[in-house]
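A quick write-up on the structure given underneath.
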Amino acid sequence: MNLFQHFRDEIIRIVDELAGQGTIPAGLDTARIAVEPPREAAHGDITTNAAMVLSKPAGMKPRDLAEVLSQRLAGIQWITETDIAGPGFINMRLDSAFWHQRLEEVLLAGTSYGDSTFGQGEAVNVEYVSANPTGPLHVAHARGAVVGDVLASLLEKAGYAVTREYYVNDAGTQVDVLARSAYLRYREALGEKIKAIPEGLYPGDYLISVGEALAKKFGDQWLDADERVWLADIRSFAVTMMMDAIREDLKSLGIDFDVFSSEKALVEKGSVEGVLEKLEKMDLVYTGILEPPKGKTPDDWEPRPQTLFKASQFGDEVDRALKKSDGTWTYFATDMAYHLDKFQRGFKSMIDVWGADHGGYVKRMNAAVGAVSGGEANLDVKICQMVNLKKGGEALRMSKRAGTFVTLSDLIGEVGRDVVRFMMLTRKNDSQMEFDLEKALEQSRDNPVFYVHYAHARCRSVLRNATTEWGDDKISASALAAADLNLLSDPSELEIIKVMAAWPRLVENAAEAHEPHRVAYYLNDLATLFHALWNKGNDDATLRFIVSEDLPLSLARLGLVQGVATVIASGFKVIGVLPLEEL
RNA sequence: GCGCCCGUAGCUCAGUAGGAUAGAGCGCAAGAUUCCUAAUCUUGAGGUCACAGGUUCGAAUCCUGUCGGGCGCACCA
């Protein structure tokens with residue numbers, strides 16, 4: 001349970017009661033009432049701004065209203081103490097038995113602790129990676145892959161019905177380039193000497209095996225054939241191989257999609273004509289000439305009449321082209337059709353995770369979704385800023401042209417899957433990030449992945465030791481849940497339970513804000529508290545987890561340890577990292 | 001020139017939909033250590049939240065402008 005939500009419900013009930021009695025006006029807007037942990041632990045366990053946000057509409061001074069609310073709150077179960085502070089905060093303390101119950105709840109729930117019905121089963125589409133099927137994934141894709149995947153897991157945990165989707169751009173000119181590049185390698189595989197890869201084709205070595213596979217399957221039939229003869233076949237063959245490679249890369253990151261949507265299939269189905277028709281009916285399309293971009297006019301700029309979408313009616317700066325000057329669809333047109341397709345599949349809530357280089361595309365896509373859904377659907381685009389790879393403080397230069405760009409599988413090979421996943425969440429998605437390969441492998445406080453792993457391993461170690469001493473049946477999670485947890489009375493023990501009890505709230509808030517990085521920060525905080533508690537046992541032997549001569553106390557403390565391990569495992573599950581038994 | 005993102009301790013960054021006295025790690029100084037190990041912890045110093053206005057009970061957070069950095073900027077994807 002989200003305990004803050006619980007007490008918020010209680011406060012709203014009291015407000016209604018007071019309104020019923022005429023103490024305060026009826027029909028006050030309670031939406032802005034928040035129940036939160038206070039910033040300072042000294043202020044209590046929970047705090048509410050209710051008196052401050054209601055004071056104006058209620059026509060009362062904040063502190064007077066706080067006084068009234070506070071008296072009622074003191075009668076609520078588990079609230080042992082209320083206090084009015086500052087401009088009108090109501091601070092409350094909760095009975096320690098309440099916290100012991102929370103620990104019991106953790107132990108009974110296991111890693112499903114924090115699961116919530118907050119999302120009420122709402123369908124959410126999370127689209128991420130969607131890299132062009134023209135080569136292997138590289139480091140820049142890793143961040144989007146992890147952010148999208150963990151966000152999806154987080155939303156699932158918070159009670160949304162999530163679909164993980166990959167949009168395969170298998171219809172544009174870039175896959176023709178891929179086909180031509182593969183054709184070159186095909187001729188190479190049949191014995192022809194290829195000197196330099198011509199400008200405009202993909203030079204990567206990864207296409208050599210595509211050429212070989214083509215030669216093996218199709219023989220020399222296309223050796224002297226015109227492009228029109230082989231283009232479609234080679235294109236689809238190469239795209240399939242690229243997608244297989246990409247799926248393989250994603251699998252090594254532990255990522256699996258529910259749906260791969262093909263741009264080609266969408267186009268062939270006539271979806272783009274469909275979206276145009278829909279827009280025409282709404283009078284959102286016209287033929288016109290766009291102004292040159294302000295300031296810097298491209299050299300080859302010339303006025304061209306094009307089919308345009310009235311994006312400016314939906315918050316974009318200018319209207320956007322749906323057709324190129326040669327009459328073919330723009331990428332934007334197919335993308336619009338794709339998002340309409342998502343909407344028609346029942347998604348009113350869509351999240352796209354994109355790279356920084358697509359930042360300028362956000363407004364028009366939001367405009368597009370607003371238009372095609374008639375304002376019913378919502379699109380949130382998460383832009384992942386660049387990742388600068390470093391090794392021992394020195395920047396690793398990535399250049400496709402020089403062939404030195406680091407692939408995703410290189411990165412995973414270097415530091416491991418779990419480290420990549422966790423490290424990608426150590427920054428907000430819209431902040432740039434430095435990823436130091438050496439630091440990521442260090443076993444120190446510097447490395448948050450290790451630090452959290454270490455806390456979990458320490459928990460497991462203590463539990464193993466206890467099992468040796470007292471046997472398996474006493475130390476299982478369910479047995480520990482039945483222990484007398486009220487014996488946990490040290491402030492540091494209660495403090496760590498309070499942080500565990502905040503996990504359900506964090507899941508809901510992070511899911512609602514679409515901010516998966518909060519999970520990583522939360523785990524780091526929990527690990528910090530646990531390491532501190534551990535060391536207290538070193539300073540003061542009476543605070544150790546295992547006190548041989550006191551079985552009941554030990555069992556209660558082992559319950560705490562099991563709880564910490566459980567919540568860490570629960571968070572790791574969202575991040576997609578396996579907790580370690582030992583290091 | 002325009003748009004988006006960012007600007008918080010010496011460095012790298014959080015800041016929980018506007019809350020109380022601004023928070024971590026690293027680095028620096030001093031100390032601790034029989035459960036997983038000095039791979040960890042404790043204490044301390046360190047801040048004009050880029051700058052200037054505004055909104056209100058209350059702003060690092062919202063609005064406007066300025067400065068600085070990143071990404072992008074008819075028809076590519």
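In what follows, chains carry the letters A, B, and so on, assigned in the order in which the sequence lines appear, proteins first and then strands, with residues in each chain numbered from 1. These figures come from a predicted structure and were not determined experimentally.
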Hey, does [X] reach any base, or is it just sugar-phosphate, or nothing, if we go heavy atoms under 4.0 Å?
X: A:His517; answer: sugar-phosphate
X: A:Arg320; answer: nothing
X: A:Gly359; answer: nothing
X: A:Leu583; answer: base
X: A:Glu291; answer: nothing
X: A:Ala457; answer: nothing
X: A:Asn91; answer: base
X: A:Tyr451; answer: sugar-phosphate
X: A:Pro87; answer: base
X: A:Arg518; answer: sugar-phosphate
X: A:Arg63; answer: nothing

Task: Plane angle bin for A:Tyr361 and A:Tyr331 - parallel if under 30°, tilted between 30 and 60°, otherwise perpendicular - done: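 A:Tyr331 vs A:Tyr361 ring planes: tilted.
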
Task: A:Lys382 NZ/CZ over A:Trp354 ring centroid, <6.0 Å and within 45° of normal - done: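 No - A:Lys382 does not lie over the ring of A:Trp354 by the 6.0 Å and 45° rule.
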
TODO: Kindly indicate whether a cation-pi arrangement holds for A:Arg505 with A:Phe4, taking the cut-offs as under 6.0 Å to the six-membered ring centre and within 45° of the axis.
DONE: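 Relative to the ring axis of A:Phe4, which defines the angle, A:Arg505 lies inside both limits.
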
TODO: If a pair satisfies side-chain hydrogen bond (donor to acceptor under 3.5 Å, both in side chains) and one of its residues is in residues 28-38 of chain A, list it, with sequence neighbours excluded.
DONE: none

For the side chain of [X], counting heavy atoms from C-beta on, which of [options] is nearest?
X: A:Lys56; options: B:rC36, B:rU40, B:rC57; result: B:rC57
X: A:Trp534; options: B:rU16, B:rC76, B:rC36; result: B:rC36
X: A:Lys324; options: B:rC4, B:rA77, B:rG58; result: B:rA77

- [ ] Report, as a single string ordered 5' to 3', how protein heavy atoms within less than 4.0 Å touch nucleotides 21-32 of chain B: B base, S sugar-phosphate only, - not at all.
- [x] --S-SS-----S

[atom1] spacing across the pair [N] / [M], given as an integer number of angstrom:
N: B:rC62; M: B:rG25; atom1: C1'; result: 30 Å
N: B:rA22; M: B:rA29; atom1: P; result: 28 Å
N: B:rG27; M: B:rA39; atom1: P; result: 14 Å
N: B:rU66; M: B:rA9; atom1: C1'; result: 25 Å
N: B:rA17; M: B:rU12; atom1: P; result: 27 Å
N: B:rG1; M: B:rG10; atom1: C1'; result: 37 Å
N: B:rU61; M: B:rG7; atom1: P; result: 11 Å
N: B:rU42; M: B:rU33; atom1: P; result: 15 Å

Under 3.5 Å, which protein N or O atoms sit close to an N or O of nucleotides 5-11 of chain B? Give each pair with its distance.
{"from": "B:rC5", "atom 1": "O2'", "to": "A:Asp430", "atom 2": "O", "distance (Å)": "2.9"}

Task: Centroid distance under 5.5 Å and plane angle under 30°, A:Tyr331 vs B:rC76 - done: no

Open item on the list: Is A:Tyr521 stacked against the base of B:rA14, taking the criterion as centroid distance under 5.5 angstrom and interplanar angle under 30°?
Closed with: no

TODO: Would you sketch RNA chain B in dot-bracket for me? Only Watson-Crick or G-U wobble pairs with both distances under 3.5 Å count, crossing pairs as [ ], other-strand pairs as |, the rest as dots.
DONE: (((((((..((((.....[...)))).(((((.......))))).....(((((..]....))))))))))))....

Side-chain ion pair, [X] and [Y], N-O less than 4.0 Å:
X: A:Arg464; Y: A:Glu581; result: yes
X: A:Asp316; Y: A:Arg320; result: yes
X: A:Arg460; Y: A:Glu582; result: no

- [ ] Give the minimum heavy-atom separation between A:Met243 and A:Pro133, together with the two atoms involved.
- [x] SD-CB, 3.7 Å

Could you list, one pair per line, each protein nitrogen or oxygen that sits under 3.5 Å from a nitrogen or oxygen of nucleotides 45-49 of chain B, together with the distance?
none

Task: is_close_aromatic(A:Tyr454, A:His531), centroid dist under 6.0 Å - done: yes

Task: Centroid-centroid distance, A:Tyr128 to A:Tyr166, less than 6.0 Å - done: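 Between A:Tyr166 and A:Tyr128, which both carry aromatic rings, the centre distance is not below 6.0 Å.
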
Open item on the list: Between A:Glu165 and A:Ser261, do the side chains contain a donor N or O and an acceptor N or O under 3.5 Å apart?
Closed with: yes

Open item on the list: I'd like to check the side-chain hydrogen bond (donor to acceptor under 3.5 Å, both in side chains) partners of A:Glu515; sequence neighbours left out, ordered by chain and number.
Closed with: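 In terms of side-chain hydrogen bond (donor to acceptor under 3.5 Å, both in side chains), with neighbours along the sequence ignored, A:Glu515 is linked to A:Arg518.
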
Task: B:rG18 phosphate, OP1 or OP2, under 4.0 Å from A:Asn49 side-chain N/O - done: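 It does not, given that no N or O in the side chain of A:Asn49 lies less than 4.0 Å from OP1 or OP2 of B:rG18.
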
- [ ] Would you tell me if any nitrogen or oxygen in the side chain of A:Lys323 comes within less than 4.0 Å of OP1 or OP2 on B:rC75?
- [x] no

Open item on the list: Could you go through A:His358 and A:Asp352, starting from their C-alpha distance and side-chain angles, then the distance that decides it, and tell me whether this counts as side chain to side chain donor-acceptor pair (under 3.5 Å)?
Closed with: CA-CA 11 Å; A:His358 288 67; A:Asp352 287 3; over 6 Å; no

Task: Donor-acceptor pair (no angle test) under 3.5 Å: A:Arg304 side chain, B:rC75 base - done: yes

Open item on the list: Using a distance-only criterion (donor-acceptor N/O pair, under 3.5 Å, no hydrogens), is the base of B:rA74 paired with the side chain of A:Ser325?
Closed with: no

